[in-house]
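Remember, it's a predicted structure, so these values are computed and weren't measured experimentally. What you see below is based on every heavy atom in this structure, not just the backbone, and it leaves out hydrogens, waters and symmetry mates.
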Amino acid sequence: MLDWHVEHRPGEPTTLTFSKTTVDFKIEVVVAPSSLSPENLRARSITITPPTDDTLDPSVFGALRLRALLKEMTEDLHSPFLRYQLQSGQDPEWLDPFIDLPKPGRRGRPDVEYAIWADRYVLAVEQSGGKPLPLLMSQHPGHSEASLRAILNKARVRKLLGKSPPGKAGGQLLPRAIELLEQHSCPITSRGA
């Protein structure tokens, strides 16, 4: 399983570092923001270090499995939570490919990603005067009304977003969503909405 870290420094591009630690090595891959496209992933640097102050055993290089690492990095770049962290550095070029680039594999999407969308929706209901989907589509290009409805339905099924009144847009952020957003240090933009 990969760890990742997003770093925002004033006046510098956002940096994303993926890392994996085993008993034999630690590998870190730094990806430049200009290359962060799941279809065109490029590393700025790859660093391999031994777990102690020792030297690397040459057999480690065969165990790195860089192709599998690249595949996992690409999957993680599809994560709205990671994209959310990248966008918090005020880099406007980030898009959230939640539906258009579905996450492969069996792991599925974590609840925090649906909590982010639930929060966006609750705020959009307030800001749009009851017409949140057109506002969300304008804020998150590439998402259709149908795809946003599917996301919100899953957020409701996962007990993150409350039901809307019959025939109207609405619903409140449920305690589980608030807890997830707080655990992941995500601002709750709909507070007070």
Side-chain angles (χ1 to χ4, degrees), residues 1-8 14 16-19 31 33 36-38 72-193:
M1 182 135 167
L2 281 180
D3 293 320
W4 51 262
H5 172 72
V6 176
E7 190 171 355
H8 304 288
T14 300
L16 171 59
T17 304
F18 290 99
S19 63
V31 184
L36 282 176
S37 164
E72 191 171 349
M73 288 168 52
T74 300
E75 285 182 21
D76 286 349
L77 278 172
H78 293 180
S79 160
F81 181 57
L82 174 54
R83 293 291 174 137
Y84 183 84
Q85 294 296 317
L86 290 164
Q87 288 172 342
S88 67
Q90 306 303 313
D91 295 332
E93 69 271 10
W94 293 111
L95 297 177
D96 184 358
F98 195 87
I99 293 297
D100 294 339
L101 299 171
K103 187 169 184 178
R106 294 181 171 212
R107 289 186 291 178
R109 297 189 180 281
D111 284 348
V112 68
E113 296 182 5
Y114 289 98
I116 290 168
W117 275 106
D119 182 48
R120 290 172 178 170
Y121 175 74
V122 171
L123 181 63
V125 169
E126 181 67 26
Q127 291 176 335
S128 67
K131 299 193 184 291
L133 293 181
L135 178 60
L136 286 173
M137 287 187 299
S138 71
Q139 291 173 340
H140 304 281
H143 290 82
S144 67
E145 185 172 331
S147 68
L148 290 172
R149 286 186 191 283
I151 292 168
L152 297 170
N153 285 336
K154 285 192 178 185
R156 286 187 168 101
V157 166
R158 293 181 183 213
K159 309 273 190 249
L160 303 169
L161 179 63
K163 293 181 180 178
S164 59
K168 291 185 176 181
Q172 74 280 6
L173 208 55
L174 295 178
R176 176 73 180 131
I178 294 168
E179 178 185 333
L180 284 166
L181 293 170
E182 288 175 344
Q183 281 175 357
H184 289 86
S185 301
C186 296
I188 302 172
T189 60
S190 64
R191 261 203 182 123

S190 and L123 have their tightest heavy-atom pair at CB-N, 3.7 Å

Decide yes or no for L16 and W4: does some side-chain heavy atom of the first lie under 4.5 Å from some side-chain heavy atom of the second? yes

I178 meets the side-chain contact (heavy atoms from CB on, under 4.5 Å) criterion, sequence neighbours left out, with L173, E182, I188, R191

Rounded to the nearest 0.5 Å, what separation is found between the OG atom of S144 and the CE atom of M137? 8.0 Å

Of all pairs that satisfy ring-ring contact (aromatic ring centres under 6.0 Å, His included), the ones with a partner from residues 162-182, not counting sequence neighbours: none

Which pairs pass salt bridge (Lys or Arg N to Asp or Glu O under 4.0 Å) with one or both residues in residues 137-149, sequence neighbours excluded? E145-R149

I'd like to check the ring-ring contact (aromatic ring centres under 6.0 Å, His included) partners of H184; sequence neighbours left out, ordered by chain and number. F81

CZ on R156 to OG on S164, rounded to 0.5 Å: 4.5 Å

Run F18 and D76 through side chain to side chain contact (heavy atoms under 4.5 Å, CB included) and show every step you take. CA-CA 10 Å; F18 290 99; D76 286 349; 3.8 Å; yes

Identify each donor-acceptor pair in which a side-chain atom of residues 129-136 lies under 3.5 Å from a protein atom, sequence neighbours left out, and give them as a table.
none

L2 side chain reached by M73 side chain, heavy atoms, under 4.5 Å: yes

Roughly how far apart are I151 CD1 and L161 CG, rounded to 0.5 Å? 12.0 Å

The reported gap from OH in Y121 to CG in L148 (rounded to nearest 0.5 angstrom) is 10.5 Å

Pairs flagged by salt bridge (Lys or Arg N to Asp or Glu O under 4.0 Å) wherever residues 159-178 is involved - sequence neighbours left out: R176-E179

Pairwise distance NE2(H5) to CG(D3) - rounded to 0.5 angstrom: 11.5 Å

Find the distance between CD (Q139) and CD (Q127) and round it off to the nearest 0.5 Å. 6.0 Å

Closest approach of A124 to S128 (non-hydrogen atoms, all atoms of both residues): O-OG, 2.6 Å

